[in-house]
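Excluded from the calculations below are hydrogen atoms, water molecules and symmetry mates; all remaining heavy atoms, backbone and side chain alike, are included.
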Amino acid sequence: MSGFFGWQAYRKQDGWYAVKCVAKDDYNTTNLVWRKHPLDIDRDAPRDAAEREIRRLYMVGRLKD
């Protein structure tokens with residue numbers, strides 16, 4: 001799975017999301033904290049379309065670190 005500045009494309013039943021791990025504990029992998037942002041693309045779109053949308057949103061400032 002490729003990513004863009006830590007953001008990755010993730011598909012669920014209801015559509016595509018941009019997800020990023022924002023906090024983790026080095027000693028316990030179950031304490032991951034994820035930031036999730038829904039993507040405004042068709043839920044049947046391919047992964048590369050979701051990754052393009054993530055890059056676009058990041059460049060216009062809609063995805064914050």
Side-chain angles (χ1 to χ4, degrees):
M1 182 183 293
S2 64
F4 186 76
F5 286 98
W7 290 96
Q8 299 175 348
Y10 175 71
R11 188 166 85 179
K12 291 180 66 175
Q13 287 287 94
D14 57 343
W16 284 99
Y17 291 87
V19 295
K20 180 178 183 177
C21 182
V22 293
K24 69 178 184 177
D25 184 353
D26 291 334
Y27 303 104
N28 187 355
T29 58
T30 60
N31 289 335
L32 298 176
V33 177
W34 294 91
R35 180 171 293 157
K36 184 169 81 167
H37 182 82
L39 299 177
D40 190 24
I41 61 172
D42 187 71
R43 70 179 188 176
D44 295 326
R47 177 175 294 281
D48 62 335
E51 290 173 350
R52 273 195 311 272
E53 180 68 5
I54 289 171
R55 284 191 294 275
R56 186 188 73 75
L57 290 174
Y58 189 88
M59 295 306 223
V60 298
R62 298 253 337 259
L63 292 178
K64 304 292 183 198
D65 287 332

Worksheet item: Honestly curious: do Val60 and Ile54 fall in one hydrophobic cluster under the side-chain, below-4.5 Å linking rule?
Response: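 In one cluster: no.
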Discussion item. Test your reading of the model: is there a side-chain donor-acceptor pair from Trp16 to the backbone of Pro38, 3.5 Å cut-off?
Written reply: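 Pair absent, no side-chain N/O of Trp16 close to backbone of Pro38.
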Worksheet item: Which residues pass the side-chain hydrogen bond (donor to acceptor under 3.5 Å, both in side chains) test with Asp14, sequence neighbours left out?
Response: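 So Asp14 forms a side-chain hydrogen bond (donor to acceptor under 3.5 Å, both in side chains) with Tyr17.
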Fill in: Pairing residues for Arg55 by the side-chain hydrogen bond (donor to acceptor under 3.5 Å, both in side chains) criterion, not counting sequence neighbours
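side-chain hydrogen bond (donor to acceptor under 3.5 Å, both in side chains) check on Arg55 returns nothing, list empty.
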Discussion item. Walk me through whether Lys12 and Lys36 qualify under side-chain contact (heavy atoms from CB on, under 4.5 Å).
Written reply: CA-CA 12 Å; Lys12 291 180 66 175; Lys36 184 169 81 167; 3.6 Å; yes
Discussion item. With rounding to the nearest 0.5 angstrom, report the CD to CZ distance, Glu53 to Arg62.
Written reply: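 Reported value, rounded in 0.5 Å steps: 8.0 Å.
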Item to complete: Show the numbers, then the answer: is there a side-chain contact (heavy atoms from CB on, under 4.5 Å) between His37 and Lys20?
Response: CA-CA 9 Å; His37 182 82; Lys20 180 178 183 177; over 6 Å; no
Practice prompt. For the residue pair Tyr58 and Phe4, categorise the inter-ring angle as parallel (less than 30°), tilted (30 to 60°) or perpendicular (more than 60°).
Written response: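 Tyr58 and Phe4: perpendicular rings.
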Fill in: Worked verdict on Leu57 versus Leu39 for side-chain contact (heavy atoms from CB on, under 4.5 Å)
CA-CA 9 Å; Leu57 290 174; Leu39 299 177; 3.6 Å; yes
Fill in: Asp48: salt bridge (Lys or Arg N to Asp or Glu O under 4.0 Å) partners, not counting sequence neighbours
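Partners of Asp48 by the salt bridge (Lys or Arg N to Asp or Glu O under 4.0 Å) criterion, ordered by chain and then number, come out as Arg52.
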Worksheet item: For Arg43 and Arg11, which heavy atoms make the closest approach, and how far apart are they?
Response: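 Nearest pair, atom of Arg43 first, then Arg11: O-CD, 3.5 Å.
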